[in-house]
**Student:** 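Structure provided below as structure tokens; questions to follow.
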Amino acid sequence: MLLTLFESHTHFFLSMFQKMILTKIISNTLSLHKKQLIEWLPAVRYFSSPTNPLVNVDVNDKSGIAVVTMNRKPVNGLSLELFEAMSKALDDLENNRIRGAILTSSCPTVFSAGLDLNELYQPDKKRFKAFWTTFQDVWLKLYGSSFPTAAAINGHAPAGGCFLAISCEYRVMCPDYKIGLNETRLGIIAPIFLRASMRNTVSNREAEKALTLGTLYSTEDALKIGLIDEIAIYKVKAIERCENFLAQFNNVSSIARSFTKRSLRQKDLEELENCREEDFNIFWSNLIEPSVQKQIGDYMQSLKKK
Ligand SMILES: CCCCC/C=C\C/C=C\CCC/C=C/C(=O)SCCNC(=O)CCNC(=O)[C@H](O)C(C)(C)COP(=O)(O)OP(=O)(O)OC[C@H]1O[C@@H](n2cnc3c(N)ncnc32)[C@H](O)[C@@H]1OP(=O)(O)O
């Protein structure tokens with residue numbers, strides 16, 4: 001009650017002095033740690049910044065909602081540089097206490113083609129380590145973000161593309177595209193954090209079927225199994241629907257919302273936090289198997305031949 005009252009009266013700009021006084025009063029009342037309270041203060045400053053050419057962040061000053069656009073043509077292949085830009089953008093959003101984020105793509109028919117196969121083919125260990133660690137970071141930050149998230153899926157979203165979408169809390173997809181975790185079809189075992197995101201999105205039974213078969217679903221079928229939440233005819237509409245979803249949280253205490261989300265996702269986040277090195281080692285040893293390398297090479301060729 002006190003927290004809700006506090007939040008609803010702090011949507012205007014607070015000077016550092018006001019922040020300190022408010023923090024002190026509430027800190028005394030609730031006996032909470034001062035640092036935690038400062039972190040909990042609602043959004044006071046929004047920004048629209050060109051940030052990085054690979055990830056554009058555009059924050060609506062009125063709603064406080066950020067549209068985060070992946071911009072790595074032609075297919076938003078998830079490279080080390082794209083992951084680094086996403087990781088930095090997620091930090092900025094967290095620090096600026098935005099009210100919600102929508103992930104989308106600037107590629108006309110692809111949300112993301114998943115991991116950049118060039119990162120997986122004949123990899124250099126040092127670079128691959130940085131790549132994999134940043135991939136883990138992005139998931140931890142996106143899946144565990146304090147702000148609500150949605151994905152406007154304006155194109156195909158196979159493998160890592162689907163993975164980004166299911167790390168968000170809500171998904172709106174445009175018709176006639178494919179989405180799914182096709183890793184097993186490529187001979188890959190889905191990593192621990194990918195399995196967690198899938199189980200958090202669809203029923204355990206659907207997750208098992210989807211992951212073991214490596215199914216790529218049409219937009220319509222994805223809606224049927226709950227892999228996406230809505231269909232929107234084109235990108236602008238998909239963003240609008242995501243905004244509507246995020247706007248619902250305007251009437252909910254952001255502290256209560258964010259703690260509830262965190263507590264529901266905590267186990268999954270900790271599972272990865274506790275085995276990051278092991279997770280890397282498992283994938284590295286799988287990746288450098290000559291048979292896997294051959295499979296990746298052939299697959300890349302088949303994509304180029306199309
Ligand atoms: C393959 C075995 C991998 C083994 C790895 C082992 C360990 C890793 C463990 C776990 C991984 C974690 C989970 C995530 C995994 C992944 O994400 S793997 C990537 C899987 N991605 C795909 O299977 C998607 C492949 N792409 C497509 O199906 C299509 O490109 C499309 C997204 C449907 C778009 O089709 P379209 O619009 O027709 O575009 P093109 O196919 O013509 O592609 C344009 C150019 O982009 C290149 N390209 C496509 N996808 C990728 C990619 N993922 N990485 C790098 N490059 C990609 C494509 O070759 C074209 O290039 P050119 O213009 O011909 O040069």
Side-chain angles (χ1 to χ4, degrees), residues 54 70-83 86 105-125 127-140 142-143 153-167 173-199 201 207 210-219 222 272 275-276 278-306:
L54 295 176
M70 293 175 281
N71 183 34
R72 183 166 184 262
K73 306 270 183 339
V75 292
N76 280 328
L78 300 165
S79 63
L80 170 60
E81 290 74 20
L82 180 50
F83 275 142
M86 289 177 82
S105 155
S106 69
C107 304
T109 58
V110 182
F111 176 73
S112 165
L115 299 187
D116 186 333
L117 294 162
N118 297 295
E119 298 285 4
L120 307 179
Y121 188 57
Q122 298 180 345
D124 165 71
K125 188 167 186 182
R127 182 177 166 100
F128 189 79
K129 178 83 196 266
F131 168 74
W132 197 259
T133 306
T134 318
F135 178 24
Q136 293 175 335
D137 285 342
V138 168
W139 181 74
L140 290 167
L142 185 60
Y143 191 74
I153 311 164
N154 57 315
H156 297 292
C162 173
F163 182 51
L164 288 179
I166 60 175
S167 302
M173 187 166 169
C174 299
D176 303 323
Y177 294 120
K178 295 276 188 193
I179 183 169
L181 299 170
N182 54 329
E183 279 73 11
T184 47
R185 296 231 172 167
L186 309 177
I188 313 171
I189 301 158
I192 191 168
F193 47 122
L194 193 147
R195 297 194 298 262
S197 295
M198 192 64 172
R199 275 200 316 264
T201 306
L211 283 167
T212 50
L213 287 169
T215 313
L216 283 174
Y217 298 89
S218 66
T219 305
L272 176 63
C275 72
R276 290 185 67 157
E278 190 190 338
D279 180 59
F280 164 74
N281 289 333
I282 289 171
F283 281 105
W284 176 251
S285 48
N286 180 11
L287 186 65
I288 56 169
E289 283 284 331
S291 61
V292 173
Q293 280 299 307
K294 176 162 183 341
Q295 203 169 350
I296 299 172
D298 292 348
Y299 186 55
M300 288 168 84
Q301 282 307 316
S302 73
L303 283 172
K304 288 202 185 300
K305 271 192 210 137
K306 261 181 24 182

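When a ligand or atom number is given, it counts from 1 through the structure's own listing order. Note: hydrogens, waters and symmetry copies are ignored here, and every other heavy atom, side chains too, is used.
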**Student:** Testing the basics here: between I153 and A165, what is the closest heavy-atom pair and its distance to 0.1 Å?
**Tutor:** CD1-CB, 3.8 Å

**Student:** Considering only non-hydrogen protein atoms, determine which one is nearest to atom 21 (N) of ligand 1 and report residue, atom name and distance to 0.1 Å.
**Tutor:** A113 O, 2.8 Å

**Student:** Should the heavy atoms of other residues, nucleotides or ligands under 6.0 Å from NZ of K294 be counted, would the total exceed 12?
**Tutor:** no

**Student:** Strictly less than 4.0 Å: does any protein heavy-atom distance to atom 63 (O) of ligand 1 fall in that range?
**Tutor:** no

**Student:** Need the ligand 1 atom indices (1-based, order shown) with element for anything under 4.0 Å from a heavy-atom of N182.
**Tutor:** 23 (O)

**Student:** For atom 35 (O) of ligand 1, what's the nearest protein heavy-atom neighbour? Residue, atom name and distance, please.
**Tutor:** K306 NZ, 3.6 Å

**Student:** Which of the numbered atoms in ligand 1 are below 4.0 angstrom from a heavy atom of L120?
**Tutor:** 5 (C)

**Student:** Judging by distance only, is a nitrogen or oxygen of P158 under 3.5 angstrom from one on ligand 1?
**Tutor:** no

**Student:** Minimum heavy-atom separation for A210 and Y217, please, with both atom names.
**Tutor:** CB-OH, 3.2 Å

**Student:** So is W132 touching ligand 1 or not, going by heavy atoms under 4.0 Å?
**Tutor:** yes

**Student:** Could an N or O of ligand 1 be found under 3.5 Å from any N or O of H156, whether backbone or side chain?
**Tutor:** no

**Student:** Report yes or no: does H156 contribute a side-chain atom to a donor-acceptor pair with the main-chain N or O of K178 at less than 3.5 Å?
**Tutor:** yes

**Student:** What atoms of ligand 1 come within less than 4.0 Å of a heavy atom belonging to F283?
**Tutor:** 7 (C), 8 (C), 9 (C), 10 (C)

**Student:** What atoms of ligand 1 come within less than 4.0 Å of a heavy atom belonging to V110?
**Tutor:** 34 (C)

**Student:** Give the minimum heavy-atom separation between C162 and G180, together with the two atoms involved.
**Tutor:** CB-O, 3.3 Å

**Student:** Do you know the tightest heavy-atom contact between N76 and V110?
**Tutor:** ND2-O, 4.1 Å

**Student:** If we ignore hydrogens and angles and just use 3.5 Å, is the side chain of N182 paired with the main-chain N or O of A159 as donor and acceptor?
**Tutor:** yes

**Student:** Mark yes or no for whether Q293, through its side chain, and L287, through its backbone, hold a donor-acceptor pair below 3.5 Å.
**Tutor:** yes

**Student:** Can the ring centroids of F128 and W132 be said to lie less than 6.0 angstrom from one another?
**Tutor:** yes

**Student:** Ignoring angles and geometry beyond distance, decide whether L287 reaches within less than 3.5 Å of ligand 1 through its nitrogen or oxygen atoms.
**Tutor:** no

**Student:** How close does the nearest protein non-hydrogen atom get to atom 5 (C) of ligand 1, and which residue and atom is it?
**Tutor:** I188 CD1, 3.5 Å

**Student:** Would you mind checking which non-hydrogen protein atom is closest to atom 65 (O) of ligand 1, with the distance to 0.1 Å?
**Tutor:** K304 NZ, 3.1 Å

**Student:** Does an N or O from F135, backbone or side chain, lie closer than 3.5 Å to an N or O of ligand 1?
**Tutor:** no

**Student:** Looking only at protein heavy atoms, identify the closest one to atom 26 (N) of ligand 1 and say how far it is in Å.
**Tutor:** L303 CD2, 3.7 Å

**Student:** Could you tell me whether F163 and F135 have their ring centroids closer than 6.0 angstrom?
**Tutor:** yes

**Student:** Could you list which atoms of ligand 1 come closer than 4.0 Å to a heavy atom of P74?
**Tutor:** 45 (C), 46 (O)

**Student:** Give a yes or no on whether atom 31 (C) of ligand 1 lies under 4.0 Å from any heavy atom of the protein.
**Tutor:** no

**Student:** Answer yes or no for atom 60 (C) of ligand 1: protein heavy atom present at a distance under 4.0 Å?
**Tutor:** no

**Student:** Please name the pair of heavy atoms, one in L142 and one in L164, separated by the smallest distance, quoted to 0.1 Å.
**Tutor:** CD2-O, 3.7 Å

**Student:** For G160, counting its heavy atoms only, list the atoms of ligand 1 lying under 4.0 Å from any of them.
**Tutor:** 14 (C), 16 (C), 17 (O)

**Student:** Enumerate the atoms of ligand 1 whose separation from the nearest heavy atom of L194 is less than 4.0 angstrom.
**Tutor:** 13 (C)

**Student:** If you compare all heavy atoms of G77 against all heavy atoms of R72, which two are closest, and at what distance to 0.1 Å?
**Tutor:** O-NH1, 2.8 Å

**Student:** Answer with side chain, backbone, both or neither: which part of E183 has a heavy atom less than 4.0 angstrom from an atom of ligand 1?
**Tutor:** side chain

**Student:** Which residue owns the protein heavy atom closest to atom 11 (C) of ligand 1, what's the atom, and how far is it?
**Tutor:** L115 CD1, 3.6 Å

**Student:** Can you list the ligand 1 atoms lying under 4.0 Å from a non-hydrogen atom of Y299?
**Tutor:** 1 (C), 22 (C), 23 (O), 24 (C), 25 (C)

**Student:** As an exercise, state the distance from CG of L82 to CE of M70, rounded to the nearest 0.5 Å.
**Tutor:** 7.0 Å

**Student:** Go through the steps for D279 and F193 under the test side chain to side chain contact (heavy atoms under 4.5 Å, CB included), then give the verdict.
**Tutor:** CA-CA 9 Å; D279 180 59; F193 47 122; 3.2 Å; yes

**Student:** Considering non-hydrogen atoms of the protein only, which is the closest contact for atom 47 (C) of ligand 1, and what is the distance?
**Tutor:** V75 CG2, 4.3 Å

**Student:** Please write down residue, atom name and distance for the protein heavy atom closest to atom 55 (C) of ligand 1.
**Tutor:** D116 OD1, 3.2 Å

**Student:** To the nearest 0.5 Å, how far apart are NZ in K129 and CG in D124?
**Tutor:** 13.0 Å

